[in-house]
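A short worksheet on the structure shown next.
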Amino acid sequence: VFALDRLGDTPRLVRLAIFAATVGFCAYVPVAIHRWVWRRRKLEQLARLLSLRYPSIGDQLLGIIELVRSESEQARSRALCEAAIAQVAEQASKKNLLDAVPHPRHRRWAALAIAGALLVATLGALFPEATANAWARLMLPWKDTPRYTFTKVNPLPEVLVVAHGEPFSLHVQLDSGSRRHPAFAEGKVGQQQAVRANANAGEQAETPAFELSFPGQIEPGTLVLDVGDYRQKIRIEPTLRPELVSLVARVTLPDYLGRDGSQTKDVRGGSVSLVDGSRAVFVATASRELSQAMVDGEARTPEGKQVASGEKQIQETRKLEFSWQDRFGLTNKEPFALGINRREDEAPSLTCEDLPRQKVVLDTETLKFRVAAQDDFGIKRVGVEWQGLDSTTIKDPAKGERILAAGGPDRENLELSGTFSAQSLGISPQPIQLRIFAEDYLPERERVYSPVYTLYVLNAEQHAIWLTEQLSKWHRQSLEVRDKEMQLYETNRQLREQVESDPDSPDRKSTRLNSSHIPLSRMPS
């Protein structure tokens with residue numbers, strides 16, 4: 001067992017066979033003593049043994065032994081007994097009685113036993129630990145007693161999970177109690193070519209280490225490691241690296257927005273834009289259970305397949321790196337970088353329809369219009385404000401505002417219908433500027449205004465005067481258009497007569513005059 005253990009880990013069945021053989025040989029010693037010593041201690045026993053080879057002499061010797069022990073025969077005729085003994089002795093002297101007994105080998109077996117004992121004693125003196133280990137493995141072969149090796153290696157895993165299809169390395173460190181320091185270590189996976197690595201000094205000069213580099217594996221296999229008399233089999237399990245399945249951000253918006261709770265955003269794309277002042281926790285989910293993780297250089301404790309970052313205050317654009325290790329010791333190939341973009345709370349946008357940019361209206365007239373407002377985090381309110389323009393003739397120009405609709409933190413789009421009536425708002429006849437405004441929830445942000453709409457508010461009398469002035473202006477314009485059209489007509493007539501009076505004129509073919517081609521100004525409606 002000592003010798004076989006130097007070559008490798010002697011299998012349990014082999015040790016059991018050696019143990020059985022040892023027990024058998026040891027059990028044979030008393031059997032041999034009983035057979036060749038105890039059963040051959042008397043004369044008649046020896047005579048029977050001789051009779052196996054020399055039957056006649058054996059039988060005669062048995063008769064002589066019986067005769068000698070019989071006192072009655074000796075008393076009757078002692079001379080006759082002596083004559084019979086002499087006759088048998090003469091016949092026996094003609095035979096070599098040593099041929100009738102087995103050839104003795106006790107001296108040889110004793111020499112071998114003594115030599116074996118001396119060898120075991122020598123091994124015990126020189127290598128007590130290895131000898132004691134061999135005795136333990138021999139006497140208790142059914143137990144899984146670890147094999148003693150002169151080369152001791154720090155514990156290695158029985159199963160090594162490696163990245164699928166990627167080269168991997170095995171670090172082998174000699175134990176500080178190793179009696180031998182081999183110059184190299186060798187490893188072989190299945191039927192592939194063996195890989196050898198020379199020793200390099202570890203943290204201490206007394207404990208060399210070996211770095212064995214193996215090619216990528218795609219199927220399970222067995223790696224056999226040999227370092228001096230140390231041998232170990234390691235199961236190789238190629239496994240895909242833990243991948244990112246999902247990454248979500250649990251975002252709590254700034255308090256001024258008035259939105260309770262948190263929002264969940266999928267940020268697996270690698271970037272996310274968050275409003276300034278938000279607080280966010282990022283939760284990554286891997287493809288298998290994790291043993292440890294790092295978020296932006298900070299160690300985090302995973303929960304199953306998930307790892308969460310601490311709460312991050314969004315005050316600047318930055319990157320957040322995630323790295324993790326699964327329960328097999330595999331890590332993500334490279335850290336996952338998440339880009340966090342800080343953005344400002346945008347101002348609301350505003351559109352207004354059905355409201356003319358300039359118009360004369362009666363103070364009793366009602367204008368109807370539509371307003372659409374949008375904001376990324378809710379419209380606070382939408383309103384209209386006005387300001388009088390005539391500060392010279394109007395003693396107290398109109399100025400004011402009115403809220404058209406109130407929004408809410410969750411009202412990102414607000415569409416409404418509005419009306420404007422000067423009389424109902426207490427605006428006296430005068431020219432005014434009208435603007436629609438919208439507000440969001442960002443503190444101290446100015447209102448967002450629509451373009452300026454100019455309205456000339458008139459009462460009934462002013463409106464009649466204005467209509468009269470407009471009709472007069474339209475009348476003058478109509479007369480001017482009529483005179484211009486008559487002048488164009490006369491010019492066309494003269495040209496036509498000139499061409500008809502000279503048929504050979506080259507201008508006849510190229511001239512195409514038609515009164516319908518002369519542009520006419522439109523009459524005002």
Kindly determine whether Asp229 and Arg6 satisfy salt bridge (Lys or Arg N to Asp or Glu O under 4.0 Å), including the steps that lead there. CA-CA 6 Å; Asp229 65 341; Arg6 304 288 69 79; 3.7 Å; yes

Evaluate the criterion side-chain hydrogen bond (donor to acceptor under 3.5 Å, both in side chains) for residue pair Gln433 and Gln387; output intermediate values, then yes/no. CA-CA 5 Å; Gln433 285 186 337; Gln387 173 70 48; over 6 Å; no

Crowded around [X] [atom1]? As in, over 12 foreign heavy atoms under 6.0 Å?
X	atom1	answer
Gln494	CD	yes
Gln313	CD	yes
Asp260	CG	no

Run the side-chain contact (heavy atoms from CB on, under 4.5 Å) check on His463 and Glu365 step by step: do they pass? CA-CA 12 Å; His463 191 260; Glu365 185 178 354; over 6 Å; no

Step by step, would you call Tyr441 with Phe377 a side-chain contact (heavy atoms from CB on, under 4.5 Å)? CA-CA 8 Å; Tyr441 287 89; Phe377 294 104; over 6 Å; no

In Å and rounded to the nearest 0.5 Å, what is the [atom1] to [atom2] distance from [X] to [Y]?
X	Y	atom1	atom2	value
Asp376	Ile379	CG	CD1	9.0 Å
Thr151	Leu174	OG1	CG	7.0 Å
Asp9	Tyr230	CG	OH	10.0 Å
Arg381	Leu404	CZ	CG	11.0 Å

Criterion salt bridge (Lys or Arg N to Asp or Glu O under 4.0 Å) on Arg235 and Glu237, from CA distance to verdict: CA-CA 6 Å; Arg235 182 68 178 172; Glu237 294 286 351; 3.4 Å; yes

Closest approach of [X] and [Y], non-hydrogen atoms and distance?
X	Y	answer
Arg137	Arg15	O-NH1, 3.2 Å
Glu346	Arg445	O-NH1, 2.9 Å
Gly270	Phe336	CA-CZ, 4.0 Å
Gly177	Lys152	O-CD, 3.9 Å
Glu289	Lys305	N-CG, 3.7 Å
Val245	Arg268	O-NH1, 2.9 Å

Hey, what's the ring geometry for Phe168 with Phe214, parallel, tilted or perpendicular (30° and 60° as the breaks)? parallel

Can you classify the ring geometry of Tyr148 versus Phe150 as parallel (below 30°), tilted (30 to 60°) or perpendicular (above 60°)?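 Perpendicular, since the angle between the ring planes exceeds 60°.
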
Can a cation-pi geometry be assigned to Arg196 and Phe184, taking NZ or CZ under 6.0 Å from the six-membered ring centre and within 45° of the ring axis? yes

Would you kindly say whether Asp5 and Thr10 are connected by a side-chain donor-acceptor distance under 3.5 Å? yes

Using a distance-only test with no angle check, is there a side-chain donor-acceptor pair under 3.5 angstrom linking Gln430 and Ser428? yes

For the side-chain contact (heavy atoms from CB on, under 4.5 Å) test, which of His475, Glu469, Gln470 pairs with Lys473? Gln470

Walk me through it: do Arg241 and Glu166 pass the test salt bridge (Lys or Arg N to Asp or Glu O under 4.0 Å)? CA-CA 10 Å; Arg241 290 184 178 273; Glu166 298 181 22; 2.8 Å; yes

Are the side chain of [X] and the backbone N or O of [Y] linked by a donor-acceptor pair below 3.5 Å?
X	Y	result
Ser309	Phe282	yes
Ser450	Ile436	yes
Trp324	Pro242	yes

Candidate pair Lys359 and Tyr453, rule side-chain contact (heavy atoms from CB on, under 4.5 Å), full reasoning: CA-CA 8 Å; Lys359 188 175 184 180; Tyr453 302 94; over 6 Å; no

Would Val195 and Leu170 count as a side-chain contact (heavy atoms from CB on, under 4.5 Å) if you check the C-alpha gap in whole Å, the side-chain angles of each, and the deciding distance to 0.1 Å? CA-CA 11 Å; Val195 174; Leu170 178 65; over 6 Å; no

Please assess Glu316 against Arg342 for the test salt bridge (Lys or Arg N to Asp or Glu O under 4.0 Å), listing each intermediate value before the final yes or no. CA-CA 5 Å; Glu316 60 181 359; Arg342 168 190 169 274; over 6 Å; no

Would you sort out whether Arg250 and Thr264 count as a side-chain hydrogen bond (donor to acceptor under 3.5 Å, both in side chains), showing the intermediate values? CA-CA 5 Å; Arg250 297 171 183 168; Thr264 300; 5.4 Å; no

